[in-house]
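Remember, predicted model here, so these are calculated numbers, not experimental data.
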Amino acid sequence: MQIRVNGSLETIPFSLSIKEYLLNKGLKPESVVIELNGQVVKREQWEKIVLKENDELEVLRFVGGG
């Protein structure tokens with residue numbers, strides 16, 4: 001199945017939740033904000049939402065600095 005992540009096409013297995021996707025990518029869920037198909041998704045929904053073909057995911061990371 002293909003989805004678009006931050007503008008790039010990616011192939012992922014079926015039945016992968018947003019949280020599973022982040023963990024598979026080695027991303028810390030507490031350090032990102034997720035937008036799915038143009039809508040910001042609350043963190044508590046990440047385990048319930050399963051990614052589907054042609055979904056568009058934006059993964060926004062917090063970056064510290066001074």
Side-chain angles (χ1 to χ4, degrees):
M1 161 173 76
Q2 287 196 322
I3 63 171
R4 189 168 294 276
V5 180
N6 293 350
S8 298
L9 280 177
E10 283 193 30
T11 300
I12 63 167
F14 284 101
S15 67
L16 194 61
S17 71
I18 291 173
K19 186 172 182 178
E20 290 169 328
Y21 173 83
L22 294 174
L23 295 175
N24 283 342
K25 290 293 183 179
L27 297 170
K28 295 179 180 179
E30 64 274 9
S31 67
V32 298
V33 171
I34 296 296
E35 188 178 287
L36 178 63
N37 299 325
Q39 299 288 321
V40 174
V41 180
K42 293 181 180 177
R43 193 176 312 268
E44 57 268 15
Q45 296 176 314
W46 293 357
E47 286 188 64
K48 300 173 187 167
I49 297 175
V50 176
L51 297 170
K52 300 181 302 278
E53 181 79 27
N54 298 320
D55 273 345
E56 293 190 19
L57 192 66
E58 292 290 327
V59 181
L60 308 168
R61 294 186 206 181
F62 296 113
V63 177

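More than 12 heavy atoms of other residues, nucleotides or ligands shown are found within 6.0 angstrom of CD on Glu10.
In the hydrophobic cluster analysis, where Ile, Leu, Val, Met, Phe, Trp and Tyr join through side-chain heavy atoms closer than 4.5 angstrom, Phe14 is grouped together with Leu22. Taking hydrophobic clusters as Ile, Leu, Val, Met, Phe, Trp and Tyr residues chained together by side-chain heavy-atom distances below 4.5 Å, Val32 does not share a cluster with Val40. Hydrophobic cluster membership differs between Trp46 and Val33, with clusters built from Ile, Leu, Val, Met, Phe, Trp and Tyr side chains linked at under 4.5 angstrom.
Ser17 OG to Ile49 CD1: the interatomic distance, rounded to the nearest 0.5 Å, is 9.5 Å. We find the CD1-NZ distance between Ile12 and Lys25 to be 9.0 Å, quoted to the nearest 0.5 Å. Remark: Leu57 CG to Asn6 CG distance equals 7.0 Å, nearest 0.5 Å. Atom CD1 of Ile18 and atom CD of Gln45 lie 8.0 Å apart (nearest 0.5 Å). Atom OH of Tyr21 sits about 12.0 Å away from atom CG of Leu36, to the nearest 0.5 Å. Separating the CD1 atom in Ile3 from the CG atom in Leu51 is a distance of 5.0 Å, to the nearest 0.5 Å.
Residue pairs that meet the salt bridge (Lys or Arg N to Asp or Glu O under 4.0 Å) test with at least one member in residues 27-39, sequence neighbours left out, do not exist here.
Put simply, the side chain of Arg43 gets close to the backbone of Pro29: a donor and an acceptor are under 3.5 Å apart. Checked by atom type and distance alone, the side chain of Glu53 pairs as donor or acceptor with a backbone atom of Gln2 at under 3.5 Å.
Contact check for Ile34 versus Val59: side-chain heavy atoms found under the 4.5 Å cut-off.
In terms of heavy atoms, Leu27 sits closest to Leu23 at O-CD2, 4.1 Å.
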